[in-house]
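So that the names make sense, note that chain A is the first sequence line, chain B the second, and so on, each numbered from 1. Since we're looking at a predicted model, the values are computed, not measured.
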Amino acid sequence: MTPPRIELKSSPHMKQASSVEQIMRNVVLALLPVCAFAVYHFGLSALALLATTTLACLLTEQFLNRLSGRASTLGDYSAVITGLLLALTLPPAFPLWMAALSGVVAIALGKALFGGLGFNPFNPALIGRAFAAAAFPEAASTWTQAGLPERFSEFLPSTLALPFTSPASVDAYTAATPLAQWKFDEVHGALLPLFTGMTPGSLGETSALIIALGGLYLIARGMLDWRIPAAVLGGAAATAGVFYLLDPGHYPTPLFVLFSGGLMLGAVFMASDLSTSPVTSAGIWIYGLLIGFLAVIIRFFGGLPEGVMYAILLGNAAVPLIERYTQPRPYGRRGRRRAS
Amino acid sequence: MGWLSFLHGLTFPRGVRPPGLKEETRDLPIRRLEFAPRMVLPLDQHYGPPARPLVTRHQEVVRGEPIAAAGDVYAVPIHAPVTGVIEGIELMPTARGPKTEAILLRTTPGDSQHVRWADPRDLRRCSAEELLTAIQQAGIVGQGGAAFPTHRKLAVPDGFTVDTLVINGCECEPYLTADHRTMIEHSAEVIAGIRLVMRAVTAAKTVIGVEDDKPEAIAALRAQLSAADPIEVVALQSKYPQGSEKMLIKALLGREVPSGGFPYHVGVVVNNVGTMAQVGQLVPRGQGLIERVITVAGPGVERPGNYRVPIGTPLRYLLEQVGYPSADPSRIILGGPMMGNTVSALDVPITKGVSGVVILPEREALEVGPRIQPCIRCGNCLGACPVGLNPAELARLAAAREYEAMAEQYHLNDCFECGCCSFVCPSNIPLVQYFRIAKSLNRERMS
């Protein structure tokens, strides 16, 4: 009998079958129904927007990897997630050239600048979205009606605006989001359309139900920490609840706050971004509650109707500090000695 | 989920749930093999100073006879595992690495497996101290893997009292079923050993922790006990590393051993079921520890099972008897796959602390590609670390060579190297391996 060639390694000699690719692939999978609903909802323009941002993110990532001589990281799917999430935060009529530029900024300044996946302090998709809001304020805050009959045969006119031109007016199609209606017209929208998604808004801001289902899938697969969405939504509901109790005539109900705008998408898919959220147990709760609180304060008192993007970016910025003060207590330290 | 534990049985916080992989051997009774033609008995096979040889070249010895005396009062003697002739005392390779002195014993062919030597004493009149001496003279060391002399573990320092004896029947390592079979087939000896040890440490009660994937073992132990016995068998959730004594104490009693402390600091002494079976079997007869039960398993092992193997049996001989896989390359692991060590040569012998031999073809050892990717801060390692450390931050500091900060600010020295962090890391970062290196560099700096 020939003895086998012996391999010398240190323990552990077994490994859980999980990988970065697998986690990211499942996040993409959970995002697909949200994207599909956006396309159903807003038609060709939404599809073009999703394709444009994703392609822009992938190409930017590949180009920067080449430039810095690193192996390709496209296979880890993180650039796909950034691309899809960026598109989901944009209005359906957002011009494609602006979307592509935002995608480049998301990857180049939001991620690659810091050293790539795992080193970025801010959610790259939200860096791209913040750039879009700053550079193209009008296009980034013009929403169109949902479910237009010709949505599968025609683009919204502004979608195909030539690069570096301002888009054609979409006045014929514009509509206010439920949040804007509340903020500027004091109209309290009905809840059910918010939940099922038949409202104007950004691509991914519409159906709380489909987003929640995607989140539940990831939680069931152990790839999303349920505490982050729970803390964000809990923090937002609690903050909104206090205001609602103080002045029910003016402030919307906590349920309206939860299901409107980008809060659900932000709580499930953005605040929970692994690289930019805390790893400590107490830190996760503080971070989530902080984001929920900030989102509602910005919505209620800010100049724009939505505040989830800045709330998450501020939450990201607070992560190192939060982690510093929430380190876990090791076994047998500061522990209760047995009373004898 | 901690607050749901009443639904699933007790356990400690965090940890991991590797696949059990025990199906292949859990129902196979313990068997014996033919004696190896030559036994190799390292003088240094337990914690403490090496044993002093009592034999010379060409001397004939009978199975069970002492052939080396304890190095000091804290160490244990070594007994002849077979009847045979001493070939000499030479430097031999060991699993720990450097060559050490070992007694070489040529087995007399055709001899029976009967134990010829005994030095019984009347245990009913023994004091606690005399019981400890009897356990020492039986050459018993911890059978769970640490090979720490049992009498020394049971000798609680002045000023401390022990109220509870905790017995470890977890066997949380994948593949291993030796303790499982011991609890089923030798439950009477296990309980007899526990009764002796309770007298030796003057503990009022005993709690035996067995994971709930071993219902037959739990039933077999309970069948040995009456309602009035101060001995309780508790089913624990199946989770790794529950067999680590500090985790077991937390799971069973809710007590935490202070950092850097010992179980007796919280009124506990912990022993393995295999050790108790040895005490229960050997101490009343006045015999020495000359064999132990080990699991031999892993993909491709032709005759996996639990074998009662004489101490000193060369690994090569054992593997020839069970038929090892020819897959190339393989890891040959002494102990379990989570915490065991790979051997560098098949010439090393089975010693008193070896609980199993697991052979993993390389493709089975890692289920995903070993490419190391950057940390994505998923936090899985924090959710797995049974000690409650922050492995992600420790790894970041290790990469920055901040070894002192690892120890001083992030409690590196509380890490007992269970490997849960490396097990769960989706980026394949060898976390526990980094920590071992950091610890040894810190030790070098200190000395």
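- Both the backbone and the side chain of B/Leu389 come within contact range of chain A, judged by heavy atoms closer than 4.5 Å.
- Neither side chain, A/Thr280 nor A/Gln327, offers a donor N or O lying under 3.5 Å from an acceptor on the other.
- Residue B/Leu21 touches chain A through its side chain alone, counting heavy-atom pairs closer than 4.5 Å.
- With a threshold of 4.5 angstrom between heavy atoms, B/Cys378 approaches chain A through its backbone and through its side chain.
- Here the rule is side chain to side chain contact (heavy atoms under 4.5 Å, CB included) with A/Phe269, and of A/Asn123, A/Leu218, A/Leu224, A/Leu84 only A/Leu218 fits it.
- Proximity to chain A (any heavy atom under 4.5 Å) is shown, for B/Val387, by both the backbone and the side chain.
- With contacts defined as side-chain heavy-atom distances shorter than 4.5 Å, the pair B/Phe435/B/Lys439 does not qualify.
- When B/Cys385, B/Gly379, B/Ser344 are compared by the number of non-hydrogen pairs under 4.5 Å with chain A, B/Ser344 comes out ahead.
- In terms of non-hydrogen atom pairs under 4.5 Å with chain A, the most contact-rich of B/His411, B/Met339, B/Glu393 is B/His411.
- Taking the six-membered ring for Trp and the full ring otherwise, A/Phe119 and A/Phe114 have centroids separated by 6.0 Å or more.
- Using a 4.5 Å heavy-atom threshold, the side chains of B/Arg255 and B/Val268 count as touching.
- Here the side chains of B/Val166 and B/Glu245 are not in contact, with every heavy-atom distance at 4.5 Å or above.
- Residues B/Ile332 and B/Leu346 have side chains in contact (heavy-atom distance under 4.5 Å, counting atoms from C-beta outward).
- For A/Ile23, the part lying under 4.5 angstrom from a heavy atom of chain B is the side chain only.
- Taking the ring centre of B/Phe12 as origin, the terminal cationic atom of B/Lys239 falls inside the region bounded by 6.0 Å and 45° from the ring axis.
- Of the atoms belonging to A/Gln22, not a single heavy atom falls under 4.5 Å from chain B.
- In this structure, chain A has a heavy atom under 4.5 Å from the side chain of B/Pro174, while its backbone stays farther away.
- Options A/Gly118, A/Ser275, A/Gly116 differ in how many heavy-atom pairs under 4.5 Å they form with chain B, and the most are formed by A/Ser275.
- Heavy-atom pairs under 4.5 Å with chain A were tallied for B/Gly340, B/Ala392, B/Pro374; the largest tally goes to B/Gly340.
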